[in-house]
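First up is the structure itself, then whatever we jot down about it.
Below, chains carry the letters A, B, ... as their sequence lines are ordered, and counting in each starts from 1.
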Amino acid sequence: MTVNPMRVRMLREGQSLAGPVLYWMSRDQRVQDNWALLFAQELALQHQSPLVVAFCLVRQFLGATRRQYEFMLQGLAEVEQALAAKGISFRLLAGAPPEELPRFIEEHGIAQVVTDFDPLRIRREWKAAVAGRIAIPLYEVDAHNIVPCWQASPKLEWGAYTLRPKMRRALPDFLEAFPSVRDHPFAWSHHAPTDWERAARFPAVDEQIAAVDWLRPGEQAAQRMLRRFVEDKLAGYPDKRNDPNQDGQSDLSPYLHFGQIAAQRVALEVEESGAPRESREAFLEELIVRRELSDNLCFYNPDYDRVTGFPQWARTTLDAHRRDPRPYLYSRDELEAAQTHDDLWNAAQLEMVRRGKMHGYLRMYWAKKILEWTESPEQAQEIAIYLNDRYELDGRDPNGYTGVAWSIGGVHDRAWGTRPVFGKIRYMSYNGSKGKFDVRAYVRKHAAPVQG
DNA sequence: ATCGGCTCGCGCAA
DNA sequence: TGCGCGAAGCCGAT
């Protein structure tokens, strides 16, 4: 047995007849270091069956833009190639999983289905719908987290401090080396190459938001980025990570979001590096505890992207300050166009619009200012999520929803001194940034007008 | 530059 | 029932 059974849940029982095993790939779009693929191969080898990987390409998924489709599709093309080298077939299905998967399963006499874990509502609705329309076993493997989400904690956590000891206890059981995908000896008779040019014409919601060119998509590029981080940046991480002018972050979040790299691979490489213990610990805290805390929020709190999901003390205090006059009021369009009085905020917004990635420290300041400058917490949260999901390469991720909920709704935070609009929600100021890094240099770098 | 108070509630010790 | 302490801060005093 290569895959720890604790990583696997059965979503639907069923008779397992003879036939191909299907891995319905969704959140974890890679071949290496993927527990869901490894588990699917294990089942296929046991039954001496072919193994097929299918991905459902959903039209206009949660407002996804050309930028994000491009990054994902190029990664998937690489997945198809790497699978082919192992004798495993790949199939791109155009349409929503509840319709496409049962049809595919029926048509090809699939015997068992494996899919990867995802705490987001829509993914769980898809799985429930698929489970209701098939008669074969459906397994779910948490291939994204190191400690499977439901093993890390059985309940909604209040903060990193309540999850951390649980993670510490569980990590030794799960932070293990990955086995390799084996050459698969049973070929699928319906193998056919994907028409990626046709797939690239698949409509995104917004074709105007262009792909970025400063980082390449795919597993290989992700591995290179990881190596660069561990060799060049990890040692200086504690000092530089909160300075947006320094290139001190890992820049791995787009790859982690699309599952083009496994957090577990990142953790293993960081642990084995020669970087100071302090640097390794600071980075692993973010990579492991905070990431898994985001999944915990989305998995156990169905209102992870709504004000009703904020803790009670935060809802009470935000309600008490609902009618406070706002120092500035901006519409969604003004914010999107980076037309506020605050040059730091505008620069952060423009960094996100142009590069598809805002510096981690500024994401907090950025979201808190949206609370301060819009009519209500509800509107602030909606706008922050809209902009984040539209421009960030790592949009539509539990980390994004959790970050917004932390900034605007005190999720995983505590109460602080009362202020207008914010109430007891932690405040962040322009002057605070000035004390931490060279704000003028950052503004000069990102607020420059577009060339040409 | 550094320090303490701000303020809430979980989780554990007692 | 009491107590320690937390996802990245702010502000004013020193």
For DNA chain B, which nucleotides open and close the run of contacts to chain A, 5' to 3', at under 4.0 angstrom from a non-hydrogen atom?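 Contacts span B/dC6 to B/dG11, reading 5' to 3'.
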For DNA chain C, what is the dot-bracket line, given that a base pair needs Watson-Crick (N1 to N3, plus N6-O4 or O6-N4) or G-U wobble (N1-O2 and O6-N3) geometry with both distances under 3.5 Å, and | means paired with another strand? ||||||..||||||
Under the ring-ring contact (aromatic ring centres under 6.0 Å, His included) rule, collect the residues that match up with [X], sequence neighbours excluded.
{"X": "A/Phe437", "value": "none"}
{"X": "A/Tyr427", "value": "A/Phe422"}
{"X": "A/Phe71", "value": "A/Tyr255, A/Phe258"}

Quick one: side chains of residues 370-377 of chain A, donor-acceptor pairs under 3.5 Å with protein atoms, not counting sequence neighbours, listed by atom name and distance.
residue  : atom : partner  : partner atom : Å
A/Glu372 : OE1  : A/Lys369 : NZ           : 2.8
A/Thr374 : OG1  : A/Ile370 : O            : 2.6
A/Ser376 : OG   : A/Gln379 : N            : 3.0

Under a criterion of less than 4.0 angstrom to any heavy atom of chain A, what are the 5'-terminal and 3'-terminal contacting nucleotides of DNA chain C?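 The contact span of chain A on DNA chain C goes from C/dG6 to C/dC11.
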Would you confirm whether the ring centroid of A/Trp345 sits within less than 6.0 angstrom of the ring centroid of A/Tyr430?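 So the answer is no for these two rings.
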Examine A/Phe299 together with A/Phe117 and report whether their ring centres are nearer than 6.0 Å.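 Yes.
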Can you pull the side-chain hydrogen bond (donor to acceptor under 3.5 Å, both in side chains) pairs that have at least one residue in residues 228-237 of chain A, sequence neighbours excluded?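 Pairs touching residues 228-237 of chain A that pass the test: A/Arg228-A/Asp247, A/Lys233-A/Asp247, A/Tyr237-A/Glu286.
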Partners meeting side chain to side chain contact (heavy atoms under 4.5 Å, CB included) with A/Gln81 (sequence neighbours left out):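 Residues passing side chain to side chain contact (heavy atoms under 4.5 Å, CB included) with A/Gln81: none at all.
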Of the residues in residues 293-304 of chain A, which ones touch DNA chain C at a heavy-atom distance under 4.0 Å?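 None - not one residue of the stretch has a heavy atom sitting under 4.0 Å from the strand.
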So which of residues 402-410 of chain A are in contact with DNA chain C, with a heavy-atom cut-off of under 4.0 Å?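 DNA chain C contact set from residues 402-410 of chain A: A/Thr402, A/Trp406.
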Tell me, which of residues 150-166 of chain A have any heavy atom that sits under 4.0 Å from an atom in DNA chain B?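 The stretch gives A/Lys155, A/Trp158, A/Tyr161, A/Thr162 as the residues lying under 4.0 Å from the strand, ordered by number.
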